[in-house]
Number of protein chains: 4
Amino acid sequence: MNKTRLEAFSDGIFAVIITIMVLEMKVPHEATLEAFMQLLPVFISYVVSFVVIGIYWVNHHHLFHTVKHVNTKILWANFVVLFPLTLVPFTTGWIGENYNEQLPMTIYCINLLATGIGAGILQKVLMAGLPSDDAIRLIAKRNLKKVVFSSVIYLVSIATSFFYPAFCLVLIAIVAATWFIPDKEIERVLAEEN
Amino acid sequence: MNKTRLEAFSDGIFAVIITIMVLEMKVPHEATLEAFMQLLPVFISYVVSFVVIGIYWVNHHHLFHTVKHVNTKILWANFVVLFPLTLVPFTTGWIGENYNEQLPMTIYCINLLATGIGAGILQKVLMAGLPSDDAIRLIAKRNLKKVVFSSVIYLVSIATSFFYPAFCLVLIAIVAATWFIPDKEIERVLAEEN
Amino acid sequence: MNKTRLEAFSDGIFAVIITIMVLEMKVPHEATLEAFMQLLPVFISYVVSFVVIGIYWVNHHHLFHTVKHVNTKILWANFVVLFPLTLVPFTTGWIGENYNEQLPMTIYCINLLATGIGAGILQKVLMAGLPSDDAIRLIAKRNLKKVVFSSVIYLVSIATSFFYPAFCLVLIAIVAATWFIPDKEIERVLAEEN
Amino acid sequence: MNKTRLEAFSDGIFAVIITIMVLEMKVPHEATLEAFMQLLPVFISYVVSFVVIGIYWVNHHHLFHTVKHVNTKILWANFVVLFPLTLVPFTTGWIGENYNEQLPMTIYCINLLATGIGAGILQKVLMAGLPSDDAIRLIAKRNLKKVVFSSVIYLVSIATSFFYPAFCLVLIAIVAATWFIPDKEIERVLAEEN
């Protein structure tokens, strides 16, 4: 059982999620600036979620790069990440229309936290099946550290949402930014393998 | 004629079905708990259908793992499973809004039964082309048994929907749970092949 | 330049078209039989379009099976089929709500005719690049004959739509049925190659 | 780290974008010619955007053909093209309903410009990692020239949108047409490689 289909299926889901999110931005019937400006918070939420999903995709890509074969356990662990991700278009649409309200933002942060926890579980399951090859374990460990860090900030965001909902998006953007700092170690290991 | 495209096409359909289902959860305009709670039955139906589709995907994955080449008959038999699956977002959306009503639940259970029967037909068609290799036949047979069992429970659900519609979701969840009991035999055979 | 990406991209489009069509079946808010029965013509249109798109996919699959390399001309000829296909969910939705009205049915039949012509063009472009291998040419020629036959019936359907709109669906179903008659010659050639 | 997943993921996004755009064409409830004619500008916008996205896909296909391995930088540079592309269904829907209004057309042209700039950035990032192979560099350079030319016309379109919004679609169609002039050099290089 190889990993090609798992990757193809996951890529399909990532691609659909990232694209249908834009359907939550309802096309305004008028051509006025007001109509457009009203969409601004929806647009900002879209950008944030786009980046978050992009990070999970790149992450997923790195993770499965280290895996040779998959078993049924991995197939299901993969769904633990994909399931909360499929809810992101919904929660993003909700904060877009109510970006400074407590409940939608709390739910959105819970959604991201669930995705983070799912990513952690998937990683643990994958690591269990990995050979004790140092290079691969290094990538996996560094990745897991980042996932844990992100999840902690998502937890902080849940608390923050009760006081300053809109500020949560700033926190989430900061988490996202940390993923863009290229990890020299991972790049080096990957470069060596090619 | 190899199976790559059939798998890619099927994966695409699985990925789209599982993701657009969330579009049936209409983003509420208000940020209130009432608005959110009203979505709860829609959410529960979504979770159940997500798991059911996930099972069919894992199942499809295992099934085609055993197949080397596909013919036109297999291409069409594959649609016998995919067609009822494409209706799942619709029927899920309907029970979500009317989770304790007879008609939507009956239709939903008929939809799942049709998918189960489709999966059985696909499996029969695939088995006809398989070499009499014991390992492969074992996987196929164990799978078919589960498909038949699921279909029987779906039949029971159809009957149940006339008396206690909401209880059908419990039955369907039980069927789903049986698929998560890892089949040691299948895992062993698959592990040996790798 | 190999054909993998062209196939993957086309499969993605086929998969999305076939799945989003179901979104045109709006989930009724009531759980009544009347609400459900009103969806019947929408459902029948969905079934017909599903089968038509399924045929084009199987067809596309057979066609590109014969091709080794693609050039930019083929990349674009492929869009000549994909473009009218992307309109099918729209025209299907329209006949679903107005199955016995002239205009929507005429447009639907024009849409199918355009797809048929597109398929003919793609096939011609593909055949130009084929080696004069008898086996491959045989498949291509048999396929082209069927595409021309289907297009003629679609032309007849356009005329019919002005008198008995609903009858067009019967004609289209008959065309579809002819594609299911397995072509022994093609199967034999494909079997020999594997 | 190979490029298969990046291509599969991008193909998925391209396929979904090109297909969901048609969802912005709302199925009319009446079967009248007026209802249909009102959709004409929406349809024309759809055709233009379909062709533009098709060009980016063919372009993406050519670009990555020259690449052997991808790194994290390329993964992210790819998103710089994909992000503005995911907005095209939204901006297309808006000009469709307001094809001769300034604001939607300005936004639409900005969207296309952003996509063009994104494509330029991606190309630059890809070229940095290319071996100094003349054939590959030739393709990349010719492509980049076209991308720059398109972007300049998109810039002109932004200015034009303030005076004759509808005329922008003509400009964009002209840009599109230039991409269809087959580049003998590129075709020759690609043909030699196969």
Side-chain angles (χ1 to χ4, degrees), chain A residues 3-37 39 42-43 46-47 50-51 53-55 57-62 64-66 139 179-184 186-194, chain D residues 1-21 23-26 42 45 68-76 78-80 82-108 111 129 161 165:
Chain A
K3 63 178 177 172
T4 319
R5 277 198 77 177
L6 183 142
E7 290 184 338
F9 176 64
S10 307
D11 282 351
I13 289 184
F14 276 108
V16 179
I17 290 171
I18 226 167
T19 328
I20 63 170
M21 248 188 332
V22 90
L23 291 178
E24 299 295 347
M25 278 202 277
K26 304 280 176 257
V27 174
H29 294 290
E30 313 84 53
T32 61
L33 197 63
E34 287 95 319
F36 187 67
M37 292 309 284
L39 283 170
V42 186
F43 179 70
Y46 175 67
V47 175
F50 186 97
V51 174
I53 292 169
I55 288 168
W57 179 75
V58 173
N59 201 1
H60 197 271
H61 189 287
H62 282 304
F64 277 91
H65 178 69
T66 59
I139 297 177
W179 283 89
F180 286 91
I181 304 163
D183 190 322
K184 300 280 178 215
I186 290 180
E187 287 290 309
R188 192 181 50 77
V189 170
L190 291 172
E192 270 169 23
E193 278 188 42
N194 290 329
Chain D
M1 197 173 359
N2 67 54
K3 62 178 177 173
T4 319
R5 276 198 76 178
L6 183 142
E7 290 185 337
F9 176 64
S10 307
D11 282 352
I13 289 186
F14 276 109
V16 179
I17 290 171
I18 226 167
T19 327
I20 63 170
M21 250 189 330
L23 291 179
E24 297 297 346
M25 278 203 278
K26 303 282 176 255
V42 186
S45 329
K68 287 289 165 291
H69 294 294
V70 298
N71 53 32
T72 310
K73 208 172 174 184
I74 292 176
L75 294 187
W76 283 110
N78 191 36
F79 277 108
V80 176
L82 293 181
F83 177 72
L85 274 176
T86 63
L87 297 173
V88 169
F90 171 81
T91 55
T92 303
W94 208 24
I95 58 163
E97 289 204 31
N98 307 277
Y99 69 102
N100 209 6
E101 299 279 345
Q102 177 259 320
L103 187 66
M105 193 56 85
T106 309
I107 302 286
Y108 181 65
N111 191 359
S161 70

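Note that the coordinates shown come from a computational prediction; the quantities given were computed from them, not determined experimentally. Lettering follows sequence order; numbering is per chain, from 1.
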| query | Do you know which of M25(A), H29(A), K26(A), M21(A) has the most heavy-atom pairs with chain D at a distance under 4.5 angstrom? | reply | H29(A)

| query | What part of W94(D) is in contact with chain A, defined as an atom under 4.5 angstrom from a non-hydrogen atom: side chain, backbone, both or neither? | reply | both

| said: Is the ring pair F83(D)/F50(A) parallel, tilted or perpendicular, if the boundaries are 30 and 60 degrees? | reply: perpendicular

| Residue F14(A) versus chain D: region with a heavy atom under 4.5 Å | both

| field | Portion of L39(A) that has a non-hydrogen atom of chain D nearer than 4.5 angstrom | value | side chain

| task | Sort I55(A) into side chain, backbone, both or neither according to what part of it lies under 4.5 angstrom from a heavy atom of chain D. | result | both

| Using non-hydrogen atoms only, which part of E24(D) is less than 4.5 Å away from chain A: side chain, backbone, both, or neither? | side chain

| Do the side-chain N and O atoms of T86(D) and Y46(A) include a donor-acceptor pair separated by under 3.5 angstrom? | yes

| note | When the 4.5 angstrom heavy-atom criterion is applied to L23(D) and chain A, the contacting part is side chain

| said: Go through it in stages, so that I can follow the logic: the residues are D11(A) and W57(A), the test is side chain to side chain donor-acceptor pair (under 3.5 Å), and I'd like the CA-CA distance, side-chain angles, deciding distance and then a yes or no. | reply: CA-CA 8 Å; D11(A) 282 351; W57(A) 179 75; 2.8 Å; yes

| remark: One should read off an interatomic distance between F36(A) CZ and I107(D) CD1, to the nearest 0.5 angstrom, of 3.5 Å

| remark: So, the part of T32(A) with a heavy atom under 4.5 Å from chain D: the answer is backbone

| task | Please find out if less than 6.0 Å separates the ring center of F90(D) from that of Y108(D). | result | no

| said: I need the single residue from V88(D), T92(D), I95(D) that forms a side-chain contact (heavy atoms from CB on, under 4.5 Å) with N111(D). Which is it? | reply: V88(D)

| Counting heavy-atom pairs under 4.5 Å to chain A, which of L82(D), T91(D), L6(D), L85(D) comes out on top? | L6(D)

| note | Ranked by heavy-atom pairs below 4.5 Å to chain D, first place among A35(A), G12(A), G54(A) goes to G54(A)

| request: Return yes if some donor-acceptor pair links the side-chain N/O of N98(D) with the main-chain N/O of E101(D) below 3.5 Å, else return no. | output: no

